[in-house]
Amino acid sequence: MAIARTLDLARLVRPDFAALPAYPAPESASDLAAELGIPLERLVKLDQNENPHGCSPKVREALARFDRYNIYPDILATEVRTLLSGYVGAPADQIIVGNGSDELVDLLLRVLVQPGDKVITWGPTFSYYAGAVAVCGAQYVDIPRGRDFEIDVDKALAVADERTKLFILCNPNNPSANLTPVADIRRLLDTGLIVLLDEAYAEFSGTASTALMAEYENLAILRTFSKWAGLAGLRIGYGLFPRALVPLLLKVKPPFNVNVAAQEAAKASLHDLDYLRHTVGLIVAERERLLEVLPKLPVFSKVYPSCTNFILCEVAGGDGRGLCNWLAKKGILLRHFDSPALRRFIRITVGTRDQND
Ligand SMILES: *Cc1c(COP(=O)(O)O)cnc(C)c1O
């Protein structure tokens, strides 16, 4: 070939990548703290559904004791999976641990989806799915949710065709905080397509679909340590998958996807369930208090019910971004959205009592 030292992106990069949506990065908390001249921990950071109580103290103890950072992590995270099996009540050989549950969305899509295939979901929902589907070159079919953000199963069944591989259902849904009835989930499962339930907030809703695993061969469920266990920064989540898919998923999984610190932290968390259930209880109690108080504030035209650790509010006047920017100047970070369907809303993570006040 002729010598050329320039980078011909148009020839080298996949043509469909130019149109990929960027993941909406939240404002940088440390930039804002520096701008306001306050320490980072003084910010009231309620924009990413993180756990304001932090992780279990047993995690800090375990990591302080741990001294095998020179050794590669267990590829299969066997001890974590054994403990998880007891925690969720599903067989360990159906559990795969990921670098956050986000990674497991990717793994499953890469195993199932080819360019031209369809993936069906109901929006507004977790924005990560759209990008992950686009990377596979597949069509992301986004069926609009109803007035109370309920899903339309009939529409999904009508749209599903021979190119459709799976449904992705965020349950409870982020950002609308509502649950989908089991009867609807069963109708999706009865199609025989894969149904991926993202149950990142199961601990806050007190409901989980794990019992359905024994009944359906086409169900996959994602859970995470990021929210209820306060480990968002360490990146560890897990999925319950159909047994037949597990060997295929393991072929795609990067071998050392979950680092040793995250595995130690997950084990320590699962040995301290009483503590974590206590902090989940504090968050749920504060959520109920906020659900009483927020509707009385004239700034909101509607406050939606929640069975998660966050609350979706419709802003009177409809400028979610404006409200968030105004609050950011006071050191309070909430989440706004740029999509037309969500511009009127903000999402508030339930914080500590002080933060909520
Ligand atoms: C926060 C969140 C997750 C968690 O992702 P991790 O990669 O495990 O941190 C997954 N799904 C939804 C809907 C979320 O809101």
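All ligand and atom numbering here is 1-based and tracks the order in the structure.
- The side-chain hydrogen bond (donor to acceptor under 3.5 Å, both in side chains) search around Glu79 returns Lys267, not counting sequence neighbours.
- You'll find the ring centres of Tyr87 and Trp228 inside the 6.0 Å limit.
- Regarding atom 7 (O) of ligand 1, its nearest protein heavy-atom neighbour is Arg235 NH2, 2.6 Å.
- Closest protein heavy atom to atom 9 (O) of ligand 1: Ser226 OG, 2.6 Å.
- With hydrogens left out, the protein atom closest to atom 3 (C) of ligand 1 is Lys227 NZ, 3.4 Å, a heavy atom.
- For the side-chain contact (heavy atoms from CB on, under 4.5 Å) with Tyr128, the qualifying choice from Ile168, Asp198, Asn174, Asp106 is Asp106, the only one to do so.
- For Glu215, the side-chain hydrogen bond (donor to acceptor under 3.5 Å, both in side chains) partners two or more places apart in sequence, or in a different chain, are Arg186.
- Not close to ligand 1: Ala232, with no non-hydrogen atom less than 4.0 angstrom away.
- Of the candidates Thr224, Asn49, Ile236, Asp198, Asp198 brings a heavy atom nearest to atom 11 (N) of ligand 1.
- Considering backbone and side-chain atoms together, Ser101 places an N or O closer than 3.5 Å to an N or O of ligand 1.
- The N/O atoms of Tyr201, backbone and side chain alike, include one that comes under 3.5 Å of an N/O atom in ligand 1.
- Using 4.0 Å as the threshold, Gly237 has no heavy atom nearer than that to any atom of ligand 1.
- You'll find the ring centres of Phe149 and Tyr304 inside the 6.0 Å limit.
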